[in-house]
Every structure is written in C-alpha cells, then in structure tokens.
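Order of the sequence lines sets the chain letters (A, B, ...), proteins ahead of strands, with each chain counted from 1. Just so we're clear, the structure is a prediction, and the values are computed from it rather than from any experiment.
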Protein chains: 2
Amino acid sequence: MTRRTPRPRERGIPEATVARLPVYLRALQSLTERGTPTVSSGELASIAGVNSAKLRKDLSHLGSYGTRGVGYDVEYLIYQISRELGLTQDWSVAIVGAGNLGRALANYGGFGTRGFRIAALFDADPAVVGDEVAGLSVRHIDTLEDVVSVEKVSIGVIATPAAAAQGVCDRFVSAGVTSVLNFAPVVLSVPDGVDVRKVDLSIELQILAFHEQRKADGHEGPGWIGALEA
Amino acid sequence: MTRRTPRPRERGIPEATVARLPVYLRALQSLTERGTPTVSSGELASIAGVNSAKLRKDLSHLGSYGTRGVGYDVEYLIYQISRELGLTQDWSVAIVGAGNLGRALANYGGFGTRGFRIAALFDADPAVVGDEVAGLSVRHIDTLEDVVSVEKVSIGVIATPAAAAQGVCDRFVSAGVTSVLNFAPVVLSVPDGVDVRKVDLSIELQILAFHEQRKADGHEGPGWIGALEA
DNA sequence: ACGCCCTTGTGAATGCGCGCACAAAGTGGG
DNA sequence: CCCACTTTGTGCGCGCATTCACAAGGGCGT
C-alpha cells in the first residue's frame, strides 16, 4: 500500500497518550505566551513533567510534526493537538448540582478558553433555582431534557450528592448525552457507548494516606519534622 | 522473630490496587448499612464496577481474608482495608485557597467520616481571611508554617489559582508536608519523598471531548477523507 | 559542497496490569 | 462419612505502557 495522504493517525491513539495531550497543550500555551517559537522534546517534557522519549512517542502517534535538529513548532503543535482532542469545535457542557462544587465548576475559568461552553446549571432545590451563578441562572432539574436537546449538550457533569447521581446520570443518558464527568462518590452504571470519567476527592486523599503511612512505617520517626536542612 | 500480627504481605501492593481499595471500602460500607454480613467477590465486584477476578487478586495482596465457599466477612474486610490504607489513624489536612473550590472541599462531608480532619483553611486575600467556612475561620497564608507544625498537618491541598500553586507547594514542603493534593492546573515540582496527586477538571473534560469526537467521526461522514470503508 | 552536531522518530526490551480458567478449600445435605 | 456445590486464591498468557538506545534526518558553519 502506497501512502499518498500524510496519514496523520491510524485511528488508534493509546489511552495513556490521550490523557497526557492536555498537559502538553497547556505547556505549549505557556510557551506561546512567552513568545517561544520552537521547542525541543527535552524542554517540553521537562515542563510537562514527563520523560522525553515518552513525549516523542506520544507526539509520534499524531504524526511527524517535528523537525530533526530543531524541535517542534509551538503554534503548529498547539493546533495539531487541539484538533486531535476535538477542541477546534465547541462543546456544550451541562452541570447538575448548584452546591459548592457545582458553583466552583461553573466559575472555573479554564473551560471557556478551551472550547467548552457551560450551557446550563441545574439543581433540584427550588430555593436555589433562579440564583445567578457565573452569568447563568440556575434552572430546575426538570428542564434538563429540554435544555440538553435545545443546547445540544454532549457532556454532562454531575456534582450532586451521591444519592442523586445515578438518577441524574440516567436522565442525561436518555436525553442523549454520551459523555459524563462524575464528581459524586458512587460508581455509575451506563449503557455501552457512553463514557464516564470519575473524579473522587475522597479517594485521592485515601491514596495519599496510604503512601504517607508507608513512609512513616519505614522511618518510624516523626516524618514531618526536619526533612529539611541544607 | 515471630510475628504476631498476620503480617499480610510484603511491602508491595500494586499501585493500581491501592487506587481501587477506596472503592471497595465504600461498597463495603454501603453493604454494612444494609446489614449484609458477608459478601462474595462476584457481588462486591459488581457493586464496585470491576471484574471479580481482579477484585480477588486485589484483596489477595492484603492477605487471605475470605472463606472459600462463603465469601468475605464485611466488617472484617472493612477493617483490613482501612488499616492498610492508613485510615485507622487520623490525618490532618490543610487547604490553601478559600475560593469556590476551597470552600467546596472544606464543606465536603466525606472527609471527616474517613479519618481526615480539616485542620485549617488558608487564603492570601485579606478580604477573605476571617470568613467562617465549614466551622473554620479562614486564616492568612502567612500562618501556614505555624499551623502545619502545631496541627501536625501531613496532607496539603492546593486549591489556588495556577500562578500561586508552586509557591504554596514549596511552603508546604519546607514546612514538612510530604503529601500534596493539587487542584491547580500546573505541574508541580517537588523533591524526592514528597507525593503529589493531581486533580484537573479541564483535563478530564478534554479527554471526554476526544472520545466524543471519535464517536461522532464514526457515525457521521468522514472528517476529511474516507479512512473507513473498503 | 561537505561534514559536524543536534534532535526526532522508533525498534526492542522490560515490566506491569488484566482476565481466564482451574485447583484448592470449605460448606451443607443426605 | 461422603459427595456435590460454592467460592476463593492464583498460575499463566496476553497486550499495553514505559524507557533505552540508536539510526535517520535536517540545519548550519566553514
């Protein structure tokens, strides 16, 4: 088979690579703000906190966008990664749960700048409905289906208490949402074809506690005193 | 030296297993509330959303705590996992950043019930210092070192804007904190012996966007040139 | 034009994690 | 007491991910 077209990607980018692309993207954007035109894999890897061979292999999955002896063109690489991640188009996001976390998410500025538009913020509590948060008026959860359909929401964010999460998820799914980001501490079950990613604050702390305990077991000393000194 | 304690395993629990133990723990706690005395690997795996063989292998890393033909004793397993994760002791947590996210974290109830105590909430903005959040008075960031030492804080949570994160992290580290949970969208650099875990909302959304785009590519027409079809 | 030096892109080796499938072990009924 | 049934614990093979190390490729000075 002769390869006429550049053939950028073979339909299969490893999941681990996908998870790192946003990190590279952020590093590249900080470089562009500093006016750096090109960057080597070593520098970029250092900024992103990864091994340089890993970075090169990751980028090679997108295509050959570097120049040997020189490095990568920052602007061009930003465009290629953005395109691969689907950030050249806009995605509508709906958040359910206007508690502390939901409001924090709605106010988080990092979304808008990267192709994500918060289309709506829902809550079940009538006392909160109508509140103004981040330029949005909190809507009642019963309007979820309508809004998802009208605003073409494709990503749903669940920031409710655990007990409500599966119900909200089901409503998202039957309204046609196929990607869910879940902050509630429950395991959601969804049909095939729907992606769920979980962010669980309490789990992260427990993992840290495990390692912390192990450190203490090893030294058996007061771990948090005098690790410093020079 | 004979060891009285069962001494479950050597010092090697796989990282992937550690990350799942909190999930099992939560599933077990929901079973205990329902009064279930024992549970099989199949049931528990189903609740936790994992393969049953994987669950058994995970638990086998802690020791042989099941009974063949019966299953696992719920209470006993809860205790063993808690002990392994270090949740039988209390951990003091300090949060820096009393913005929306910091407040959400401070108000999140799931911590206190699992051996985590929020010792303090800091902010750099004098306008916020003194605010009452979740029963805590927001303290000025300059008191961080004192509080970390007095309250024996071992886990630091960073919920600041990106620009402030590395500085806060450095102060945590030199005050003796050896575990950091970072919500700011930056890659933190820390010396050896300090653990950092990252929670990045924007990265999660970007990963979802990637998969969402791929789903759309498959069903709709070819994005650019028909790589599909024979 | 030529050769030196730099950096990319990737073959190959290693290690880790997952899941199947089965032997070992314990329970309960007859 | 024995047998059939249930469920654990794990040996094994497979595939993915990470890292090393190096050949291929391109720029630049002379």
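Using a 4.0 Å cut-off, no side-chain N or O of B:S40 falls inside it from OP1 or OP2 of D:dT7. Within the 4.0 Å cut-off from OP1 or OP2 of D:dT7, not a single side-chain nitrogen or oxygen of B:Y65 is found.
If you check the side chains of A:D73 and A:T38, you find no donor sitting under 3.5 Å from an acceptor.
Under 4.0 Å is where a charged nitrogen must lie from a carboxylate oxygen, and between A:D90 and A:R117 no such pair does.
Taking atom CG on B:D73 and atom P on D:dT7, their separation rounds to 16 Å, with Å as the unit.
For the ring pair (Phe, Tyr, Trp, His ring centres under 6.0 Å) test, residues two or more places apart in sequence or in another chain that qualify with A:Y76 are A:Y65. The side chain to side chain donor-acceptor pair (under 3.5 Å) test applied to B:D170 returns B:Q166, not counting sequence neighbours.
Within the structure, salt bridge (Lys or Arg N to Asp or Glu O under 4.0 Å) contacts touching residues 196-208 of chain A (residues at least two apart or in different chains) are A:R197-B:E204, A:D200-B:R26, A:E204-B:R197.
A heavy atom lying under 4.0 Å from DNA chain D marks none of the residues of residues 190-200 of chain B.
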In 5'-to-3' order, the base (B), backbone-only (S) or no-contact (-) status of each nucleotide in nucleotides 16-26 of chain D, using a 4.0 angstrom heavy-atom cut-off, is -SSBBB--BBS
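For DNA chain C, the contact window with chain A, defined by any atom under 4.0 Å from a protein heavy atom, covers C:dC6 to C:dA12 in 5' to 3' order.
Of the possible donor and acceptor atoms, none in the side chain of A:N51 sits under 3.5 Å from a partner among the backbone N and O of A:L55. Between the side chain of A:T67 and the backbone N or O of A:V70, no donor-acceptor pair lies under 3.5 Å. Judged by distance alone, with hydrogens and angles left aside, the side-chain atoms of A:S82 form a donor-acceptor pair with the main-chain N or O of A:I78 at under 3.5 Å.
A distance of 5.0 Å separates CG of A:L105 from CD1 of A:I95, quoted to the nearest 0.5 Å.
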Self-check item: side chain to side chain donor-acceptor pair (under 3.5 Å) between A:E212 and B:S179, worked out
Solution: CA-CA 7 Å; A:E212 194 67 25; B:S179 290; 2.4 Å; yes
